[in-house]
Amino acid sequence: MENNRFDQLLCARWIITVEQDGVVLENHAVGIKDGRIAAILSPAQIAAADATERVMLDNHVLMPGLVNLHGHSAMTLLRGMADDKALMDWLQNHIWPAEGKHVSEQFVFDGALLAMGEMFRSGTTTINDMYFFHDAMARAGLQAGMRTFVGCSILEFPSAYGQNADDYIAKGLADAANYQGNELITFTLAPHAPYTVSDDTFRKVVALADEHDMLIHCHIHETQDEVNGGVAEHGVRPLARLDKLGMLSPRLIAAHMVHLNDEEIALCAERGVAIAHNPTSNMKLASGIAPVQQLLDAGVTVGIGTDGAASNNKLDMLSETRMGALLAKVGTLNPVAVPAATAIRMATQLGANALHIGDKVGSVTVGKQADLIAVDLAQIETSPSFDPISHIVYAAGREQVSHVWVNGRKVLSERTLTTLDEADLKARADAWRVRILAK
Ligand SMILES: CSC[C@H]1O[C@@H](n2cnc3c(O)ncnc32)[C@H](O)[C@@H]1O
Ligand SMILES: [Zn+2]
């Protein structure tokens, strides 16, 4: 029978669909056809199914691919360069000078490929990025086969990539035009932060986002200093300033949002702003603890991100999901805050919703694109296995991610990258170590 024929049949011990909290299918299979989830088969239906390839995941959890809602992929090449610093010291005295010296088209391409290798090996299938040299980022996404949101960075000051806000915008829109309609590559507008972007530029960004139907990605309320500085310069907190400028809408993905009062949480819910929570980066830069459970209670879409490898220093969404669950508990002194199923939903479906692709990916649902991962629980570290949802969040490590599919294409098979060459990634990274040390 034609609807019983699949390109791949993924037979899994457990499937966490994320359609409904707490639901785990046992010994079911996902049939993939033309890159989509064509069917979810019960144990009785599996034997009768016909597939070009059967992937036996006998001890594995099959679940939606992880959506990294905030990152700077190319910063893998600056990993470990400046640790144990507060945000502004880290940025102004270490990272921006290093970026000024080293960032180029090739830096972004090589750094992004390296990041994508690392992200696939930890179960990420979508990255929402913001950095420089957007074409290089988009090319890396295509080469790797990763679902890539390329943020066109916008700042008022010059960098290795642009001269001023108008220059960044012009370059970003020109690159975006070349990828219009691409299945894997989507461009967003990425004004860096309230303290690096003027009112005029924010107004332009809002108008351009409407004109070109683009999402906006921006660092907001990351530290108490940022909020205090905003009040000193503009007389109001940054979020109130952004609201006046029309920035707060369902188009906005606000990264960090650590320092929020009750009115600001309600405002985010009212405006439909989505938030990228970056627990490890916020801990390492001592930025603070974002009020994630309060945001979720208010109805705000909260996804999870790694931030860049120079502030995290891992691009490990599985670990980030664990941190998101733990940090919420210690931040509220409430063990019920961000339970495991919620943490998984944040790392998958809510991230996809924030990127307006929730109808396409983010859950194991018939008709959606097959962005899926398998995690092998037959390891000492996850034995015995009573509850796979618990293990995915609290016990499994990225070493247990065995397979990854994007759009039905297997990009990681038995922990081996299929679209990227591990030796080549390491050689590129090492060449940059030599170049950076020489400069
Ligand atoms: C214009 S986007 C790239 C820009 O952002 C810098 N960056 C990386 N991480 C953070 C962060 O947590 N807060 C603010 N800015 C950050 C990165 O180094 C690039 O210069
Ligand atoms: Zn960031």
Side-chain angles (χ1 to χ4, degrees), residues 68-83 85-104 107-108 111-112 115 127-134 136-137 149-165 167-169 171-172 175 187-198 201-202 205 216-227 229-230 238 253-259 275-288 290 303-315 320:
N68 186 345
L69 197 56
H70 176 68
H72 311 278
S73 294
M75 293 183 84
T76 45
L77 296 177
L78 303 178
R79 188 188 337 242
M81 263 200 171
D83 293 325
K85 313 210 177 300
L87 176 71
M88 289 320 283
D89 176 22
W90 177 78
L91 270 179
Q92 290 177 337
N93 302 321
H94 302 272
I95 296 301
W96 282 337
E99 288 178 336
K101 272 201 270 183
H102 306 300
V103 172
S104 65
F107 177 101
V108 172
I127 171 65
N128 182 35
D129 203 82
M130 63 154 95
Y131 210 58
F132 308 103
F133 295 97
H134 320 117
M137 180 66 196
F149 284 72
V150 182
C152 300
S153 304
I154 302 163
L155 303 112
E156 302 298 338
F157 57 80
S159 70
Y161 183 60
Q163 288 309 305
N164 52 45
D167 188 34
Y168 288 106
I169 290 173
K171 285 178 169 147
D175 283 338
F187 274 65
T188 70
L189 294 167
H192 171 256
Y195 52 92
T196 50
V197 177
S198 69
T201 301
F202 275 125
V205 166
I216 302 173
H217 183 189
C218 184
H219 296 98
I220 303 175
H221 281 214
E222 183 171 359
T223 64
Q224 190 59 54
D225 281 355
E226 173 194 333
V227 176
I253 297 158
H256 298 287
M257 298 289 263
V258 173
H259 299 277
I275 290 176
H277 176 44
N278 305 274
T280 303
S281 172
N282 294 341
M283 284 192 273
K284 184 156 177 276
L285 297 167
S287 302
I304 297 180
T306 57
D307 216 347
S311 64
N312 185 305
N313 300 3
K314 301 176 175 190
L315 303 183
E320 216 60 41

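Scope of the values below: all heavy atoms of this structure, side chains included, with no hydrogens, waters or symmetry mates. When a residue number appears, it is its place in the shown sequence, counting from 1. Just follow the structure's listing: the first ligand is 1, and inside any ligand the first atom is 1.
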Participant: Could you tell me if the side chain of L78 sits less than 4.5 Å from the side chain of F107, heavy atoms only?
Facilitator: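 F107 reaches L78 side chain to side chain.
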Participant: I95 heavy atoms, cut-off 4.0 Å: which ligand 1 atoms fall inside?
Facilitator: 18 (O)
Participant: Using a 4.0 Å heavy-atom threshold (strictly under), name the region of Y161 that reaches ligand 1: side chain, backbone, both or neither.
Facilitator: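 Neither part.
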Participant: Of L155, T196, V197, which meets side chain to side chain contact (heavy atoms under 4.5 Å, CB included) against P191?
Facilitator: V197
Participant: Could you see which bit of N278 sits under 4.0 Å from ligand 1, with heavy atoms only: side chain, backbone, both or neither?
Facilitator: neither
Participant: Just so I know, are the side chains of T280 and T306 near enough to count as touching, which here means a heavy-atom distance under 4.5 Å?
Facilitator: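 No - every pair of side-chain heavy atoms lies 4.5 Å or more apart.
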Participant: Take atom NZ in K314; do more than 12 heavy atoms of anything else shown fall under 6.0 Å from it?
Facilitator: no
Participant: For ligand 1, does I154 get within less than 4.0 Å through its side chain, its backbone, both, or neither, judged by non-hydrogen atoms?
Facilitator: neither
Participant: Would you tell me which option among H192, M88, M130, H70 has the nearest heavy-atom contact to atom 5 (O) of ligand 1?
Facilitator: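 It is H192 that holds the nearest heavy atom.
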Participant: Among all protein heavy atoms, pick the one closest to atom 13 (N) of ligand 1 and tell me residue, atom and distance.
Facilitator: E222 OE1, 2.7 Å
Participant: Suppose I only count heavy atoms of S153 and a 4.0 Å limit; which atoms of ligand 1 are within that range?
Facilitator: 1 (C), 2 (S)
Participant: Closest by any non-hydrogen atom to atom 17 (C) of ligand 1: pick that one out of H217, H219, H72, E99.
Facilitator: E99
Participant: What atoms of ligand 1 come within less than 4.0 Å of a heavy atom belonging to W90?
Facilitator: 8 (C), 9 (N), 10 (C)
Participant: Only counting residues at least two apart or in another chain, list the ones meeting ring pair (Phe, Tyr, Trp, His ring centres under 6.0 Å) with F187.
Facilitator: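 Checked F187 against ring pair (Phe, Tyr, Trp, His ring centres under 6.0 Å); matches are Y179.
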Participant: At what distance, to the nearest 0.5 angstrom, does CZ of R79 lie from CG of N312?
Facilitator: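 Between R79 CZ and N312 CG, I get 9.0 Å after rounding to 0.5 Å.
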Participant: Just distances here: any N/O of Y195 and N/O of ligand 1 closer than 3.5 Å?
Facilitator: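 The answer is no, given that Y195 and ligand 1 share no N or O pair closer than 3.5 Å.
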Participant: Just how far is it from atom CD1 of I95 to atom OG of S311, taken to the nearest 0.5 Å?
Facilitator: 8.0 Å
Participant: From the Zn ion (ligand 2), how many protein N/O/S atoms are found at a distance short of 2.8 Å?
Facilitator: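 With waters ignored, the protein N/O/S count below 2.8 Å is 4.
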Participant: Check ligand 1 against L87 and write out every atom of the ligand that is under 4.0 Å from a heavy-atom position of the residue.
Facilitator: 11 (C), 12 (O), 13 (N)
Participant: Say whether Y168 and ligand 1 are in contact under the criterion: heavy-atom distance to a ligand atom below 4.0 Å.
Facilitator: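 Contact check Y168 vs ligand 1: negative.
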Participant: Has ligand 1 got any nitrogen or oxygen that is less than 3.5 angstrom from a nitrogen or oxygen of D307?
Facilitator: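 Yes, there is a polar N/O contact under 3.5 Å.
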Participant: Any N or O on Y131 sitting closer than 3.5 Å to an N or O of ligand 1?
Facilitator: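 No.
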Participant: Apply ring pair (Phe, Tyr, Trp, His ring centres under 6.0 Å) to H256 and list each qualifying residue two or more places apart in sequence or on a separate chain.
Facilitator: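 Residues passing ring pair (Phe, Tyr, Trp, His ring centres under 6.0 Å) with H256: H70, H219.
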Participant: Output the list of atoms in ligand 1 that are nearer than 4.0 Å to some heavy atom of H256, sorted by atom number.
Facilitator: 12 (O)
Participant: Does a side-chain heavy-atom distance below 4.5 Å link H221 with P238?
Facilitator: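 Yes. Closest side-chain heavy atoms under 4.5 Å.
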Participant: In ligand 1, which numbered atoms sit nearer than 4.0 Å to a non-hydrogen atom of F132?
Facilitator: 19 (C), 20 (O)
Participant: Contact between F132 and S159 at the side-chain level, heavy atoms closer than 4.5 Å - yes or no?
Facilitator: yes
Participant: Find all atoms of ligand 1 within a distance of less than 4.0 Å from any non-hydrogen atom belonging to W96, and give their numbers and elements.
Facilitator: 20 (O)
Participant: What I want to find out is whether D167 reaches K171 closely enough, with some N-O distance under 4.0 Å, to be called a salt bridge.
Facilitator: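 Here D167 pairs with K171 in a salt bridge, since their nearest N and O are under 4.0 Å apart.
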Participant: Who pairs with D83 by salt bridge (Lys or Arg N to Asp or Glu O under 4.0 Å), at least two apart in sequence or on another chain?
Facilitator: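 Expected list: K284.
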Participant: For S198 and E156, which I'm curious about, is there any donor-acceptor pair between the side chains at under 3.5 Å?
Facilitator: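 Indeed, the side chains of S198 and E156 share at least one donor-acceptor pair under 3.5 Å.
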Participant: Pair E99, Y131 - check side chain to side chain donor-acceptor pair (under 3.5 Å), show working.
Facilitator: CA-CA 11 Å; E99 288 178 336; Y131 210 58; 2.6 Å; yes
